[in-house]
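Let me begin by presenting the structure, written as structure tokens, before commenting on it.
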Amino acid sequence: MNRMMMIFKRESAIIPFVAVILGLLLGALIMWIGGYNALLAYQSLISKIFGSSYDIGEAILTIVPLIMSGLAVAIAFRSGLFNIGVDGQIIMGSLGALIVGTQLNLPPFIHGLVAMIFGALLGGLWGALVGYIKAVRGINEVITSIMLNFIALYISHYAIRIFMPQAGTQRSAMINDSASIQIGWLSDLMGGARIHWGFLVAILAVIFYYIYMKKTKWGYELRAVGFNNNAAKYAGMKVPKVIIRTMFISGVFGGLIGTFEVLGVFKYIAINSVTSGIGFDGIAVALLGGNSAIGVFFSATLIGALTYGSQGMSFGADVPGEIIRMVIAFIIFFVAAPGIVKLIVKPILQKMKKV
């Protein structure tokens, strides 16, 4: 029991775990107040996620961009930066993938790989621009990154309307079949679920993030800058380069999300007046995951599963999908306010210790 108390004091996995439980309980309470059957709602949510191979595949499809978005936000957080511009980096990544996917003719697999790399680099450069403005000009990254979201959105609209339009529609032309990264045989095996190579890339990205942060000189510099910018500068670290490099990697993660959406899911870009919002979801994922590699993976899995499963709540228990967003918000609230969780759980642990 003493060991449990020490783990709790170090705020390890206990606080997020308890936050999830409290969020689900508060969600159940809200459903009960609204006259809904909370037990049926959660059963329907689980059935939706695991009800068929198609549902499992589509749930994975929802989780993958959240993993990448969480990593994009987390790596910036670890360096003391707040990358609120992941949506813009997603847009630039999708635009890069669309350009290569529609304008080049390459062999299958190579075409998709080149499109992914180009989109990732474009997203990375868009993130590095935020880092450059921060490091060299000292302008707050929150302001620049959120404004660059809209700049990216309208650059994308302009490029699509001028160079890659689909006549009579509000979207781009379709990418060439050779640029697709869908896994056809696995998609057929899972009832037509839109499975693509992005899932493997997301796993590799989690591994890369862990190794980069824990095992490399660049990761050490990044963490040092995040802990104390002035101390890192005094120690001889080139802080501006660290900031630009970090935002480039963050942008690459974001850009890859855009390539997945274009090459593996929709095969085109729709002209919308708003961004996808996945970048903002990444903030919640990173916060819940404690900015760690494994934490981001599991928090993205949880939030993605809840998001996809909320469709089952709507059909199976007639519960509005917005309630699951409230549950996620409760979870994030408790993670952001660990004192409340300690206040609730500490007396319980103390009683268990006495027993």
Side-chain angles (χ1 to χ4, degrees), residues 20 24 27 37-71 90 94 97 101 108-109 111-113 115-116 174-175 177-207 256-268 270 276-278 281-282 284-285 288-289 293-321 323-325 327-328 331:
V20 171
L24 292 172
N37 186 331
L39 183 60
L40 177 61
Y42 285 140
Q43 287 176 341
S44 300
L45 182 146
I46 294 172
S47 296
K48 179 62 179 175
I49 299 170
F50 300 104
S52 65
S53 59
Y54 172 83
D55 287 321
I56 293 173
E58 289 294 301
I60 292 173
L61 185 73
T62 306
I63 292 167
V64 166
L66 291 176
I67 293 174
M68 301 301 298
S69 183
L71 292 175
I90 292 172
S94 63
F109 183 77
H111 197 173
L113 182 61
M116 283 179 60
M174 300 283 287
I175 63 169
D177 291 339
S178 58
S180 174
I181 62 170
Q182 277 193 356
I183 308 175
W185 64 268
L186 187 56
S187 179
D188 293 339
L189 191 64
M190 301 188 74
R194 294 166 293 178
I195 301 295
H196 55 71
W197 289 109
F199 178 69
L200 177 60
V201 175
I203 299 298
L204 294 175
V206 171
I207 297 171
L256 282 169
I257 299 172
T259 67
F260 298 161
E261 298 295 297
V262 171
L263 303 174
V265 183
F266 300 110
K267 310 296 180 67
Y268 63 85
S276 65
I278 295 174
D281 291 337
V285 171
L288 180 59
I294 193 66
V296 166
F297 177 82
F298 282 118
S299 62
T301 301
L302 173 67
I303 292 176
L306 290 175
T307 301
Y308 182 75
S310 64
Q311 302 173 44
M313 292 173 60
S314 299
F315 291 107
D318 200 29
V319 174
I323 286 183
I324 207 65
R325 303 303 298 180
V327 170
I328 294 172
I331 294 171

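Remark: Ser276 engages Asp87, Ile90, Ile278 in a side chain to side chain contact (heavy atoms under 4.5 Å, CB included) (not counting sequence neighbours). Scored by the salt bridge (Lys or Arg N to Asp or Glu O under 4.0 Å) test, Lys48 finds Asp55 as partners (sequence neighbours excluded). Shown here are the side-chain hydrogen bond (donor to acceptor under 3.5 Å, both in side chains) partners of Gln182, two or more places apart in sequence or in another chain: there are none. The ring pair (Phe, Tyr, Trp, His ring centres under 6.0 Å) search around Phe297 returns none, not counting sequence neighbours. Contacts of Phe199 classified as side chain to side chain contact (heavy atoms under 4.5 Å, CB included), with partners at least two apart in sequence or in another chain: Ile60, Val64, Ile203. Every side chain to side chain contact (heavy atoms under 4.5 Å, CB included) that Ser310 has, sequence neighbours left out, goes to Ile324. For the side-chain hydrogen bond (donor to acceptor under 3.5 Å, both in side chains) test, residues two or more places apart in sequence or in another chain that qualify with Ser178 are His111. Taking Ala38 as the reference, Ala28, Met31 meet the side chain to side chain contact (heavy atoms under 4.5 Å, CB included) condition, with sequence neighbours excluded.
Ser314 places a side-chain N or O within 3.5 Å of a backbone atom of Val319 that can act as its donor or acceptor partner. Judged purely by atom type and a 3.5 angstrom limit, Ser187 uses its side chain to pair as donor or acceptor with the backbone of Ala193. With Ser69 contributing its side chain and Pro65 its backbone, the two residues share no donor-acceptor pair below 3.5 Å.
The list of salt bridge (Lys or Arg N to Asp or Glu O under 4.0 Å) pairs with a residue in residues 185-196, not counting sequence neighbours, reads Glu58-Arg194.
Put simply, NE2 on His196 and CG on Leu61 are 5.0 Å apart, with the number rounded to the nearest 0.5 Å. The line from CG of Leu302 to OG1 of Thr307 is 9.0 Å long, rounded to the nearest 0.5 Å. Between Met68 atom CE and Ile63 atom CD1 the span is 14.5 Å, to the nearest 0.5 Å. If you take CG on Leu45 and CD1 on Ile323, they are separated by 12.0 Å, rounding to the nearest 0.5 Å. With values rounded to the nearest 0.5 angstrom, Leu66 atom CG is found 9.0 Å from Thr301 atom OG1.
Counting heavy atoms from C-beta on, the side chains of Leu263 and Ile175 come closer than 4.5 Å.
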Which is it for Ile181 and Phe260 under the side chain to side chain contact (heavy atoms under 4.5 Å, CB included) test, yes or no, and what are the steps along the way? CA-CA 8 Å; Ile181 62 170; Phe260 298 161; 4.1 Å; yes
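What you find for Ala115 and Gly101 is that their closest heavy atoms are CB-N, 4.5 Å. Across all non-hydrogen atoms, the minimal contact from Tyr268 to Met174 is CD2-SD, 3.6 Å. Nearest heavy-atom pair across Ile49 and Ala59 is CG2-CB, 4.3 Å.
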